[in-house]
Peer 1: 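Sharing a structure, written as C-alpha cells. Questions coming.
Everything quoted here is computed from the prediction, not taken from an experiment. Just so it is clear: chains get the letters A, B, ... in the order the sequence lines come, proteins before strands, and each one is counted from 1.
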Amino acid sequence: MPFVKQEDRRRTLRGLMGIGAAYLGSGLAFQVAADSGVRRAIIRHFAFAPDVLKVKTGESIEWLNADLVPHTVTAVDGSWDTGQLRPGQSEAIRYMTPGIAEYICAFHPHMRGRVEVSAD
Amino acid sequence: MLSRLLMAVALTASPLAGCAHANGDGMSDPEIAHTAYTAGDLDIRYAHLALALSDDAAVREFAKLMIQDHAAVNDAAIALITKLNVTSEDNSLSRALVEGAAQKRAELAAQQGRAFDCAYARNELGYHQAVNMTVEESFIPGVSSPELKDLLQSALVTFKVHEGHAAQMVEELKCPS
C-alpha cells in the first residue's frame with residue numbers, strides 16, 4: 001500500500017508558501033505542493049469522478065465535494081483519509097510510494113474507487 | 001400513482017396520500033420547498049429519537065447519518081431560497097406530514113430494545129420510499145424554478161441512497177415480519 005503524505009490546501013491558502021511544516025496532532029510531516037502534479041476528482045451524486053485515478057509517485061490527487069452532503073475519501077486499509085469534506089470543500093493527498101489503494105466514503109461506503117500509483 | 005401513494009400510507013401511516021396536495025398538483029414552488037424541507041427535518045427528529053432509545057450500533061450509525069445528511073440538504077435549501085429571495089410556505093401537505101410524524105414518534109417512543117430498532121428501521125424505509133416517490137413523481141415535475149428543480153434532483157439522489165441504506169438495515173436486523 002502506498003505511503004502517503006497528506007497536504008492541506010486550506011493551510012496552503014493560509015500562507016504556508018512552499019515551506020514544509022509539521023502536521024500538528026498527528027506527527028506526520030507534509031509538504032505543501034505546487035499546483036503542477038495535482039490530479040483532480042469530483043464527488044457528485046454519491047460517486048467519485050473519475051473513480052479510478054492513476055498518478056506517479058510524488059503526485060497528488062485533490063478531491064472536491066460538489067455534493068449536497070459531507071463525504072470522505074478514505075483508504076480501505078486505513079492508510080490515508082481526507083477527513084470530512086463538507087459541500088464545496090476540497091482536500092489533496094500526495095502519494096509517495098507505488099502501489100494500488102482502494103478507497104471509499106466512510107459515511108456512504110457503497111461509494112468506491114481506486115488509486116494506482118506508479119513509479120516515476 | 002395514487003394507488004402507489006396509498007400503498008406507502010399502508011407501510012408508514014404517512015399522511016401523504018390523504019392530502020389534497022399529495023400528487024403535487026397546484027403546489028407552488030414555495031410550498032414545494034417548504035414541504036421538502038419539512039420532510040427532511042422530520043427525519044432528523046426520528047433520528048434523534050433513535051439516538052435516545054436505541055443501543056444498536058447499526059441503528060445509531062444510520063441515525064447519525066440521517067442527521068448529518070438531511071441537515072446538509074436543508075442547509076442547501078435554505079441557501080437557495082435565500083438566494084432566490086423566496087419565502088417558503090406552509091401548506092396542507094406539510095402540516096399533514098408534521099401531524100403524521102408526531103403520531104409516529106409517539107408510537108416509536110412507546111417501544112424499546114429490539115422492537116424499537118425494528119420499528120424505526122421499517123419506518124425509515126417506508127418513509128424514504130414515500131417521500132422519494134413524491135419528490136420524483138410530483139415535486140420535480142411540478143416545480144417551476146430550474147434551480148429548485150436541480151436541488152430537488154440532487155436531494156433525491158441523497159434520499160434514494162438513504163432508502164437503500166434503510167432497506168439494508170431492515171434486512172440485517174432480521175426483524176420479524
Peer 1: Give, as side chain, backbone, both or neither, the part of B:Val161 having an atom under 4.5 angstrom from any heavy atom of chain A.
Peer 2: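 Only the side chain of B:Val161 comes within 4.5 Å of chain A.
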Peer 1: What part of A:His108 gets closer than 4.5 Å to chain B, counting heavy atoms only: side chain, backbone, both or neither?
Peer 2: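 A:His108 touches chain B through side-chain heavy atoms alone.
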Peer 1: Can you tell me which residue pairs pass the salt bridge (Lys or Arg N to Asp or Glu O under 4.0 Å) test with a partner in residues 61-87 of chain B, sequence neighbours excluded?
Peer 2: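 Sorted pair list: B:Lys83-B:Glu147.
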Peer 1: Name the region of B:Ala71, side chain, backbone, both or neither, that has any atom closer than 4.5 Å to a heavy atom of chain A.
Peer 2: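 Neither part.
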Peer 1: Does any donor atom in the side chain of B:Asp29 or B:Ser145 lie under 3.5 Å from an acceptor atom in the other side chain?
Peer 2: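 Distance-only check fails for B:Asp29 and B:Ser145.
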Peer 1: Do A:Asn65 and A:Gln89 meet the criterion of a side-chain donor-acceptor pair at a distance under 3.5 Å?
Peer 2: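 The criterion, which ignores hydrogens and geometry beyond distance, is not satisfied for A:Gln89 and A:Asn65.
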Peer 1: For residues A:His71 and A:Phe46, establish whether the separation of their ring centroids is below 6.0 Å.
Peer 2: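 For A:His71 and A:Phe46, the ring centres are under 6.0 Å apart.
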